[in-house]
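Numbered from 1 within each chain, the chains take letters A, B, ... in sequence-line order. Atoms considered below: every heavy atom in the structure, side chains included; atoms not considered: hydrogens, waters and symmetry mates.
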Amino acid sequence: MTFQLFVQLLAAGVLLGGVYALISIGLTLIFGVMRIVNFAHGEFLMVGMYLAYYLVTAMHVNPYLALVVVAPGLYLFGLLVEMAIIKPTIGKSDVVQVFATVGLSIVLQAAALMAFSANVVGLNLPITNALIHLGWLTIGVPQVLAFVAAMLVAAALFIFLGRTDVGRAIRATAQDRSAAALMGIDVPAIYRLTFALGSAMTGLAGGLLMPIYSVSPDVGTQFVLVAFVVVVLGGMGSVTGALVGGLLIGIVETFSGFVIDPQWKAAIYFVIFLIVLVVRPAGLFGMRGSEEIAS
Amino acid sequence: MRIAKYLLLAIAIVAALAGPLITQNSFLRDLWVLVAMWGAVATAWNLIGGYAGGLSLGHAAFFGIGAYTSSLLYLDLHLSPWLGAIAGGLVAVLSALVIGFITIRLRGPFFALATLAFAAILGIAATNLSALTHGAEGMTIPFAPALRNAIFSSKVDYYYVALALLLIYVALTWWISVSRFGYYLIAIRENEDAAQALGIDALRVKLGATLLSAFMTALVGSFYAQYRLFFEPSIFATDISVQIALFAIIGGLGTVWGPLIGAAILVPLTGELQSFLGSALPGIDAFVYGALLVLAILFVPNGFVSLIRPLFAGKRTPPATRQPVEAEAEAKT
């Protein structure tokens, strides 16, 4: 492998990792605070992608301007889902929590199938095909924008969680929900906010993915497993973990796809996933034992 | 009420034996086979998912291993699928041993995710090891009806094979549910730390249940291959694992009859929804199905068995659903 090729692959891997980090942040935030693994996460992403696709193709909005609608749209969507489906499962058994969101993912996929048919569609605009040439290094503009957005979202979330009162309340709830309640924090309201916020981030991710990938009703299933791997690798509930885990998986996937065979790249990160679960189930940045209190 | 229980059981057995003979319609006969088959898989899943409390979302792995093993042995070495199924069961046990060591310590959604990843790896392997598995084009078994080949020209014959498996599995589950092993499993499900403290070797008991469940699931996988005579790597798909789990959950987790009841409700429901609604608008059948599932999980969390159960008095196993005490969850935080 030449140096140029190495750098080219690394750049591709880092950019892909940015995308993976972006789709994982919402999932890890929701888990960290609510201790709920949203098995419909991939479908939230799919909803975000279709919303962006619709705005761009039917209303001729710039794909990046569409984010202004997609993120609040998914915030609202998350709010409704939380009130209708997630709230009744809080404090219930794992079975109820896991399969309520599994059922939701079936419903959302079917709804997308009804609304948009099974066709795989994508955007084909000047901006989606734009490339940047840095000497011999070539990278796609949408990939760079998604990467930058991932970093900005993570930074904004850090500031929000670290510096604002609501952010502190969210962190307090994540650490100990009953103590938080005793301190006067409205825990159900924090849950609602967290779920809606996580959904908005997932929607944002969907909107940023739309210029890069095609969308179909089952697109979520392609991304959700990567998101789970990233989140477990980084540590469930850790935003830093999602960022680092996303980058690692992106780089590993790009290199293994080149060195071994692209067909096997998903198997490789699943193997990494299982190894992490054996060696350090809490992930790189997670609290030790968090995999056991997940219930 | 005891009499009512036995009467109902007798009626159910007669109906199960005679049912497909009365229904001549091929679609309905297929439904009978599918209910018995998925009922059997869900009953196998219930051992680990219902009794031991390990929410496996990877049982398609064992199902697919059974299908691939018996079919490959039959096609490449002309081994009778009856023996091939046993071989498939053993391969599934070996793989369950490996995955069991990895996942058995994990709890709740983490266990679900790890098992899901395991099935996904096998799906990728089945697609790409095309020299062995014929890859994405799938496995086709030539139609050569003979008892030795485990291929029958009538669906009724298939039905009785599936029914036999189902009844053995239900009987086994009943036996486990009243045995020491079953009580160990329930104790672990309710509170693993407490069970461990009382001297139960929780990991060993859970692993035992996993191995048994894997073997049982693989046998049905072999049956599926011989029944459909065609399958693809998508046999390892998450959808199949989710289906298996849903049958048991909707019917009643950790109960003897729950998984069968779940399959008997959901399999015809999917079939009917597809034939009545599917043609009207693609996706509407899955939409209705998914919506009903969400409602059932939210409003009948203990499964439909819990609705029938009050009709019968008498001894019963403890219900499955665990309502974690808030304090307990907090103590561990």
Side-chain angles (χ1 to χ4, degrees), chain A residues 31 35-37 39 84-85 88-89 91-115 117-118 175-179 217 221 225 228-229 232 236 261 263-267 269-271 273-275 277-278 281 289-295, chain B residues 49-50 53 55 57 99 101-103 105-114 116-118 120-125 127-128 237-239 242 245-246 249-250 253 281-299 301 320-324 326-327 329-330 332-333:
Chain A
F31 176 81
R35 300 269 156 211
I36 279 188
V37 179
F39 279 82
I85 294 172
T89 70
K92 296 277 175 61
S93 66
D94 294 339
V95 181
V96 174
Q97 294 190 342
V98 169
F99 283 90
T101 53
V102 167
L104 178 64
S105 80
I106 297 174
V107 170
L108 292 177
Q109 273 192 41
L113 187 61
M114 286 194 282
S117 86
Q175 278 174 19
D176 190 332
R177 72 176 89 154
S178 31
T221 53
L225 291 176
F228 283 141
V229 173
V232 168
M236 278 261 189
D261 183 333
Q263 301 289 335
W264 285 94
K265 63 187 182 188
Y269 59 68
F270 284 132
V271 171
F273 180 64
L274 290 177
I275 292 172
L277 285 173
V278 177
S290 66
E291 78 288 355
E292 292 193 347
I293 55 164
S295 54
Chain B
L55 278 187
L57 284 184
I99 194 67
F101 271 119
I102 295 172
T103 59
R105 291 174 304 119
L106 304 170
R107 294 185 187 177
F110 286 85
F111 182 81
L113 287 174
L116 194 151
F118 170 60
I121 292 173
L122 290 185
I124 295 166
T127 312
N128 292 302
T238 310
D239 298 5
V242 168
L246 278 174
I249 292 164
I250 296 299
L253 271 181
L281 179 60
I284 193 164
D285 52 327
F287 185 82
V288 173
Y289 179 77
L292 289 176
L293 284 181
V294 173
L295 291 176
I297 284 162
L298 292 183
F299 295 107
T321 308
R322 177 178 46 157
Q323 303 285 335
E326 194 71 19
E330 296 306 329
K332 283 194 253 165
T333 311

Given heavy-atom pairs under 4.5 angstrom as the criterion, report whether the side chain, backbone, both or neither of [X] touches chain A.
X	answer
Leu122(B)	neither
Ala112(B)	side chain
Ile249(B)	side chain
Leu292(B)	neither
Ala125(B)	both

Mind ranking [options] by heavy-atom pairs under 4.5 Å with chain A and telling me who comes out on top?
options	answer
Val294(B), Asn128(B), Ile102(B), Ile99(B)	Asn128(B)
Ala120(B), Ala286(B), Pro282(B), Ala245(B)	Pro282(B)
Thr127(B), Ile297(B), Leu293(B)	Ile297(B)

Proximal component of [X], with respect to chain B [non-hydrogen, under 4.5 Å]:
X	result
Val95(A)	both
Leu274(A)	both
Val271(A)	both

Legend entry - Greatest number of heavy atom pairs closer than 4.5 Å to chain B - which of Phe228(A), Tyr269(A), Phe273(A), Phe99(A):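 With the most close heavy-atom pairs to chain B, the winner is Phe99(A).
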Legend entry - Heavy-atom pair count under 4.5 Å with chain B, highest-scoring of Pro88(A), Ala100(A), Ser117(A):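 Option with the greatest count: Ala100(A).
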Legend entry - Where Val96(A) and Pro301(B) come nearest, the two heavy atoms and their spacing: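 In this case the closest contact between Val96(A) and Pro301(B) is CG2-CB, 4.0 Å.
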Inset, instruction - Locate the shortest heavy-atom distance separating Gly290(B) from Val107(A); write the atom from each residue and the value. - result: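 What the structure gives for the nearest pair is C-CG2, 3.3 Å.
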Is there a side-chain contact between [X] and [Y], using heavy atoms and a 4.5 Å cut-off?
X	Y	value
Leu106(B)	Leu277(A)	yes
Asp94(A)	Phe111(B)	no
Thr238(B)	Phe39(A)	no

Legend entry - Spacing of CG belonging to Leu281(B) relative to CG belonging to Leu113(A), to within rounding of 0.5 Å: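 Separation between the atoms: 7.5 Å.
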